[in-house]
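Here is the naming used below: chain letters follow the sequence lines, and residue numbers restart at 1 for every chain.
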Protein chains: 2
Amino acid sequence: MPKESFDRFRRQILARCVSAQVSERLSEIGQFQQTRRAERIVLSATGDQLVFLAEGATKLIVRMPDASEHVLAFHFPGDMIYVPQPEQGAISMLALADCRTIAFPANSFLEIAEAEPSVLRTILARTLLALQRCRNKAIRLGRKSAQERITDFLLAMADRIGVPDGNSIRLNLPMSRRDIGNSLGLTIETVSRQFTELRNEHLISTAGRSIVRLHHLDELATRAGHVSRSNTQAKICAESKSGLRPGAIAAAD
Amino acid sequence: MPKESFDRFRRQILARCVSAQVSERLSEIGQFQQTRRAERIVLSATGDQLVFLAEGATKLIVRMPDASEHVLAFHFPGDMIYVPQPEQGAISMLALADCRTIAFPANSFLEIAEAEPSVLRTILARTLLALQRCRNKAIRLGRKSAQERITDFLLAMADRIGVPDGNSIRLNLPMSRRDIGNSLGLTIETVSRQFTELRNEHLISTAGRSIVRLHHLDELATRAGHVSRSNTQAKICAESKSGLRPGAIAAAD
DNA sequence: CGCTACCTTGACGGATGTCAAGGTGGGTGG
DNA sequence: CCACCCACCTTGACATCCGTCAAGGTAGCG
């Protein structure tokens, strides 16, 4: 396993105070993997997995009975993703860009972590965060219009991978319009129409297929159905400065 | 705190092998509460809470900006519910029937549980289960039609509180049509129309406002968009015999 | 027995899915 | 470096499902 990836894992998931022994044992059960864009991250089918994403971007998908796919979440470096054993649920993880991952069998991971309750608590805290994100997603899908979903999605992305750019925030979206639609419960056509509409109102601008610039964050937040907290920009700055992002287990957008 | 409620908590959440001391300390920080139907379960605002539902039924709701409410989950006895600190998220827990609950400050609970990693793992396991349920809910809300949502909801309820009744399953739903709609992202009218339609097709029958009987579970499962696993009945029998239900942290339907 | 909250039914309109027909970006190979 | 090609995106016309508004009906409780 490349030292660089595991070091990232150690920094982000294991607190600073973890014994070298625990770290050692975890590195022994972790399966490193390098995956090319559009390929599946191969996971052992012998139980639930905890996957650490060291580099790249992924989507977590469910295959529906009709062979279509629904995107549960997008993930970015530093995320810890819980993937249940692929029995019938048919959850799988696909690379949106070239990826480096470390996959741990969940049971072994947790057994080792029992020796170091702080690690267990870190995992629990991230899982609770994932649950909150998933709840938010459920609200979004249940109640919001297409435009609200799209703007909410863009703002969530801004929080996660946006970079300040003058008065705007610049996004380099690794996922296709289809992926966005599959994540928000919309068709690709509706996604496209909403992008066009936001572009016509100068709330966003786009360059090529993946670059999106968000202007007027406050107006976008209003469109997303938020309640006037125009601190997205501030949050991003704070986060990029400290180098800490909330991270998640499997419910990031 | 009534012995009966805490005993239930001990049986369901604490494994049999927990030290008397841990159990004792948990009972000291747990706030017992009896709540009447339609009232709010009052929680300390000083941090996240873990609420054990010993008796009754509850809904976990979010107040939307427009003062409407969205139901995140319904809960039943034995569930452990994670309720984040009510900052702006405005999540609250309402009793659908007379309830008995024990509320623990999450941080204190987890600190005590660190002495007994098996408890921490139980909580983590339940949280992961809640995450799975929430993911399922997200899929349901994102992709399914009104009829699929309703039938899926009824089958989920059958798994949780259904009792076998000849060839059917009988449900005594503690929540109103409005609550069901708020949970599935539908209006009360649409819920009502779908009930009527299912009734006309003899897939369900109703008595009064809260009794629902499900016939033809396999057909209902098809309507729900499931993939032909007609084992719902079997699962319920097995569960009611063993007295064990999966339980959840805050994402039950 | 009557009141009230809750449920049911109907008519209508609008947001979004579906179907269809181009247009465009970006990577590949010459 | 350019041209080509394919996947991806955009736009339009139309259909449909569900939300909205409105008007009763009914269960369950006092």
Side-chain angles (χ1 to χ4, degrees), chain A residues 36-39 59 64 66 68-71 94 96-98 140-153 172-201 204-212 223 225, chain B residues 36-39 59 64 66 68-71 94 96-98 140-153 172-201 204-212 223 225:
Chain A
R36 305 199 72 80
R37 186 182 130 73
E39 302 204 326
K59 58 179 175 180
M64 305 299 280
D66 63 344
S68 69
E69 72 182 46
H70 183 95
V71 174
L94 296 180
L96 294 169
D98 297 353
R140 195 157 59 199
L141 292 179
R143 304 286 268 212
K144 299 200 169 182
S145 70
Q147 184 164 103
E148 286 173 317
R149 294 185 206 188
I150 295 286
T151 50
D152 198 20
F153 167 81
N172 190 346
L173 297 178
M175 73 289 287
S176 70
R177 299 282 188 273
R178 180 174 301 281
D179 290 330
I180 296 173
N182 284 340
S183 156
L184 299 177
L186 300 170
T187 60
I188 183 176
E189 293 95 330
T190 301
V191 174
S192 185
R193 274 188 265 264
Q194 294 304 328
F195 267 78
T196 301
E197 198 165 315
L198 292 173
R199 209 181 299 126
N200 288 342
E201 302 187 61
I204 67 172
S205 54
T206 56
R209 279 173 179 155
S210 57
I211 303 291
V212 179
R223 301 295 182 99
Chain B
R36 305 200 71 80
R37 187 183 129 73
E39 302 204 326
K59 60 178 174 180
M64 303 299 281
D66 63 344
S68 69
E69 73 183 44
H70 183 95
V71 174
L94 296 180
L96 294 170
D98 296 354
R140 195 156 60 200
L141 293 179
R143 303 286 270 212
K144 299 200 172 184
S145 70
Q147 184 166 101
E148 286 173 316
R149 294 186 206 188
I150 294 288
T151 51
D152 198 20
F153 167 81
N172 190 346
L173 296 178
M175 71 291 286
S176 70
R177 300 283 188 271
R178 181 173 300 281
D179 289 330
I180 296 173
N182 283 340
S183 155
L184 299 177
L186 300 171
T187 60
I188 183 176
E189 294 95 330
T190 300
V191 174
S192 187
R193 273 187 267 264
Q194 294 303 328
F195 267 79
T196 301
E197 197 165 317
L198 292 172
R199 210 181 299 125
N200 288 343
E201 302 188 61
I204 67 172
S205 54
T206 57
R209 279 173 178 157
S210 57
I211 304 290
V212 179
R223 301 295 183 99

Round to the nearest Å and state the distance from [X] atom [atom1] to [N] atom [atom2].
X      : N      : atom1 : atom2 : value
A/D179 : D/dC8  : CG    : P     : 9 Å
B/L186 : D/dT20 : CG    : C1'   : 14 Å
B/R149 : D/dC18 : CZ    : C1'   : 10 Å
B/I188 : D/dT26 : CD1   : C1'   : 13 Å
B/I211 : D/dA27 : CD1   : C1'   : 13 Å

Polar pair under 3.5 Å, donor/acceptor by atom type, side chain B/Q194, base D/dC18: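 A donor-acceptor contact between them is absent.
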Atom CZ of residue position B/R178 - does it have more than 12 heavy atoms of other residues, nucleotides or ligands inside 6.0 Å?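 Count not over threshold, so no.
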Counting N and O atoms only, with roles assigned by atom type, does the side chain of A/S183 sit under 3.5 Å from a partner on the main chain of A/D179, one being a donor and the other an acceptor?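 It does not hold such a pair.
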Among B/R140, B/Q194, B/E148, exactly one meets side chain to side chain contact (heavy atoms under 4.5 Å, CB included) together with B/L184. Which residue is that?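 So the option named by the test is B/R140.
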So which heavy atom on B/V191 is nearest to which on B/G181, and how close?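 Residues B/V191 and B/G181, closest heavy atoms: CG2-CA, 3.6 Å.
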Heavy-atom pair with the smallest gap, counting every atom of B/D98 and B/R37: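 Reported closest heavy-atom pair: OD1-N, 2.9 Å.
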Can A/R223 and A/E201 be counted as an ion pair, charged N to O under 4.0 angstrom?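 Yes, A/R223 and A/E201 are salt-bridged.
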Using chain A heavy atoms and a threshold of under 4.0 Å, write down where along DNA chain C the contacts begin and end, 5' to 3'.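 Nucleotide range with atoms under 4.0 Å of chain A: C/dT16 to C/dG26.
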